[in-house]
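Residue numbers begin at 1 in each chain, while the letters A, B, ... track the order of the sequences. Computed from a predicted structure; not experimentally measured.
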Amino acid sequence: LRGKGRIDQQVYDQLEEAMILADVGIPTTAKLLDSMRNAVKEKKLSGDASELANYLKDEIAAVLDVGDTELSMEEGPGNVWLLVGVNGVGKTTTIGKLAHSETRSGKKVVLAAGDTFRAAAADQLELWAKKTGADFIKGASGADPSSVIFDAVRHGVAQEADLIIADSAGRLHNKANLMEELKKVRRVAARPPGKLTEVLLVIDATTGQNGLIQARLFTEAVQVTGIVLTKLDGTAKGGIVLAIASELNIPIKLVGVGEGVEDLFPLDREEFAETLIG
Amino acid sequence: NLTDRFEGIVKKIKSKGRLSEEDIDSILRDIRIALLEADVALSVVQDFITNVKQRCLSMELSKSLTPAQQIIKYVNEELTAILGGEQLRISYAPKPPTVILLAGLQGSGKTTTVAKLGRWFKQQGRHPLLVGADLARPAAVEQLRILGSEAGLAVFSEPTDPVSVARRGLEEALRVGRDVVIVDTAGRLSIDQVLMEEVRRVSVAVQPHYTFLVIDAMTGQDAVNTAKAFHETLELDGIILTKVDGDARGGAALSVKQVAGKPIAFVTTGEKINEIETFYPERMASRILG
Ligand SMILES: Nc1nc2c(ncn2[C@@H]2O[C@H](COP(=O)(O)OP(=O)(O)OP(=O)(O)O)[C@@H](O)[C@H]2O)c(=O)[nH]1
Ligand SMILES: Nc1nc2c(ncn2[C@@H]2O[C@H](COP(=O)(O)OP(=O)(O)OP(=O)(O)O)[C@@H](O)[C@H]2O)c(=O)[nH]1
Ligand SMILES: [Mg+2]
Ligand SMILES: [Mg+2]
C-alpha cells in the first residue's frame, strides 16, 4: 500500500501497535484508524507518516474533548466531592492532593473518612488532612460510611466550609453488595445541606480493558461526573480513557503524576495524545 | 464465547485432512483479538500465535471436534502450559528464618498480601514475623500492624529507613526465634531508578529466599514493563496475582509469566486475610480466553 491516497502498511502498523501498547483497546484503535484511512482516501490527508501521526493525535484530543473539565463548585458552603473506584487506584492520595490545591486557592476544606472498612484508611487520610490544613471527620472503624459522610457534611456546612471531599472504600464493581453500599453513600452525600457537585471515578493508568467496565458500572451506580487518571508518571499510558470518554461521555478532569501533594494536574488533551502514540 | 465466534468462519472449511494455512490464519486472527482484549501483552500474543500456528499446520483433523474446537483446544493447552509448569513449593531454609520479600507497583496489594502470607505460614505451623519496611506511604506501617494484630501475627518496624528496617527485622526474627520473615516494601514505579535501587539494597540486606512480584490482575499492556524491570533488579522467584475476584480477564498473568519465567505462586481473591490461594493454570487459561 503505497503512493497517493494510500497508507504505507508499515506506518499503519506502527500507529496501530502504539495504540494497542497504550491500552487504547481494539475497538477504539480500529475506529481511530478507520477515520484516518478515510481521511486519506478522501484526499484530506497525504500518506505521509508525520502527517498521519498528527492527524491521529488531533483525533485523540478530540475524543477526550467531552463535557466540562473544570471541577464543579457552586456558590456557598457545602459542596461535596465524592471519590470512588476499585481498590488501590489512588482515591485517598488524590483527595490529599485536592485538599492541597483547594486550600491553596483559598477554600475551606473538610476531608471525610468515608472508608470505614480498610485497615488504617482513616489514619492515612488524616495524615493528608494534617499535611494540607484541611479539617478532618472520621467515624468509628466499621461504622456505616454514609453516616460518616453525613456527619462530615453537617460539620462542614456548620463551619461554613466550601468543600467536603469524601473518601470511599475501594471496591470491585462486580460486587453487587458493595455497589449497593456505594449507591447509598451517594444518596446521603447528595442530601441537603450538602450539594454533591462531583463524583470522581479514579482510574489507574496501568489498568487494561477492565477500566471501561469499571467506568460503566460505577457510572451506572453513582453517576460519575469526571475521571481522575492516576499513576501517569509510570510507563503505562492510560489509553483506556479514550473508550471511557467516547462511550460514556465523561470528561477526564485530572491526572495524577506522582505520590506528592502537588502531583495532580488538569488533563492536557494534546499532551496526553502526544505521549500516547509517542 | 470463542468457539461460537469461530464457527462462523470455519463453517466454510470442508473436511480435508489438513486445514489450509489461510483457514488457520483466519482463526488465529480471532484468537489474537481475544488475547489482546484479555490484556495479554502484544509481544507475548505475537510469540504465542506463532507457536500455536506451528502446531496447527501439522494437525490432523479430529473426528470428534470441529477444526475451530480443535484449535481452541490447542490454544487452551498452550495457555495452560505457559501459565502452569513448575509449581512453586515453599522449601524452608535449613538455617531459619526463611526470608520472603514482596515488591511491586503502587496499590497492587503488597501490604494486604504480606498479612495473608503471614497467616498462611502460621497455618503451616510456622512462626512468621511481618516486617513493615514501607516508610513512605502515610500510615503504611499502621496498616500492617492492624492487619497483623487481627491475625495474631507479630509485626516489626521502626522509623529509620527501609534497608535498616529490613535488616533489623531479620535480626529481630533471629533474636526471638521466628522462622519466617515477610518483608513489605513501598509501592514503586519500575522506571524510578532511585526507588528500584532502594529495593535492590533491601534485597541485598536480607538475602531473601523468595522474592515475589505482586501484580494486579487488571493490569494491561504495562505488565511486561513491570515484570521485566523488577525481574532484572531483584531476580524474582515467583509472582503473586491479586484481585482475581474482579472481572478482569487477567491477561497480565500470561504476560508476566512469559517475561519473568517464574511461577505464579499465589493468587489473592479478596480483601479478607484468608483470601489467598494456590494458582490454577487451567482456570486462568479459560478466563483469559473468555
Ligand atoms: N506513582 C504514583 N503513585 C500514586 C499516584 N496516586 C496514588 N499513588 C499511590 O498509589 C498507592 C495507592 O494509593 P491510595 O490513595 O491508597 O489508593 P486508594 O484508591 O485510596 O486505595 P484503597 O483505599 O485501598 O482502595 C499509594 O502508594 C499512593 O502513593 C500517582 O499519581 N502516581
Ligand atoms: N478485592 C480485592 N482487593 C484487594 C486484594 N488484595 C488487596 N486488595 C485491596 O487493594 C487495596 C490495596 O492494597 P494494599 O495492600 O494497600 O496495596 P499495596 O501494594 O500495599 O499498596 P502500596 O503500599 O501503596 O503500594 C486495598 O484496598 C486492599 O484491601 C484482592 O485480592 N482482592
Ligand atoms: Mg483509600
Ligand atoms: Mg503497601
Identify the two heavy atoms, one from [X] and one from [Y], that lie closest to each other, and give their separation to 0.1 Å.
X        : Y        : answer
B:Ala139 : A:Ala120 : O-CB, 3.8 Å
B:Pro138 : A:Leu127 : CB-CD1, 3.7 Å
A:Thr235 : B:Ser190 : OG1-OG, 4.2 Å

message: Quick check on A:Lys131 against chain B: is it the side chain, the backbone, both or neither that has a heavy atom closer than 4.5 Å?
response: neither
field: Part of A:Ile20 within contact of chain B (heavy atom distance under 4.5 Å)
entry: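 Contact with chain B: backbone and side chain both.
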task: Working to the nearest 0.5 Å, report the span between CD1 of A:Ile26 and CD1 of B:Ile33.
output: 5.0 Å
- prompt: What distance separates B:Met218 CE from A:Thr207 OG1, expressed to the nearest 0.5 Å?
  reply: 4.0 Å
message: So which residue, A:Val89, A:Asp23, A:Asp233, A:Asp204, ends up with the most heavy-atom pairs under 4.5 Å with chain B?
response: A:Asp23
- line: If you tally heavy-atom pairs under 4.5 Å between each of A:Gln214, A:Arg118, A:His173 and chain B, the highest tally belongs to A:Arg118
task: Say whether A:Gln124 and B:Gln143, considering side chains only, have a donor N or O and an acceptor N or O under 3.5 Å apart.
output: no
message: Looking only at side-chain N and O atoms, does B:Asp222 offer a donor or acceptor that is under 3.5 Å from a partner on A:Thr206?
response: no
Without placing hydrogens or testing angles, list every side-chain donor-acceptor pair under 3.5 Å for residues 264-274 of chain B, not counting sequence neighbours.
residue, atom, partner, partner atom, Å
B:Glu271, OE1, A:Asn87, ND2, 3.1
B:Glu271, OE2, A:Asn87, ND2, 3.2

Residues, nucleotides or ligands: over 12 heavy atoms within 6.0 Å of A:Glu271 CD: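 It does not: A:Glu271 CD has 12 such atoms or fewer within range.
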Sidechain-backbone polar pair: A:Asn174 side chain, B:Asp245 backbone, donor-acceptor under 3.5 Å: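 Side chain of A:Asn174 to backbone of B:Asp245: a pair is present.
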message: For B:Arg145, which atoms come within 4.5 Å of any heavy atom of chain A: side chain, backbone, both, or neither?
response: neither
- request: Against chain A, label B:Leu144 side chain, backbone, both or neither, depending on which of its atoms sit under 4.5 Å from a heavy atom there.
  value: neither
query: Are any non-hydrogen side-chain atoms of A:Gln209 and B:Arg249 less than 4.5 angstrom apart?
result: no
task: Mind ranking B:Leu42, B:Asp247, B:Thr219 by heavy-atom pairs under 4.5 Å with chain A and telling me who comes out on top?
output: B:Asp247
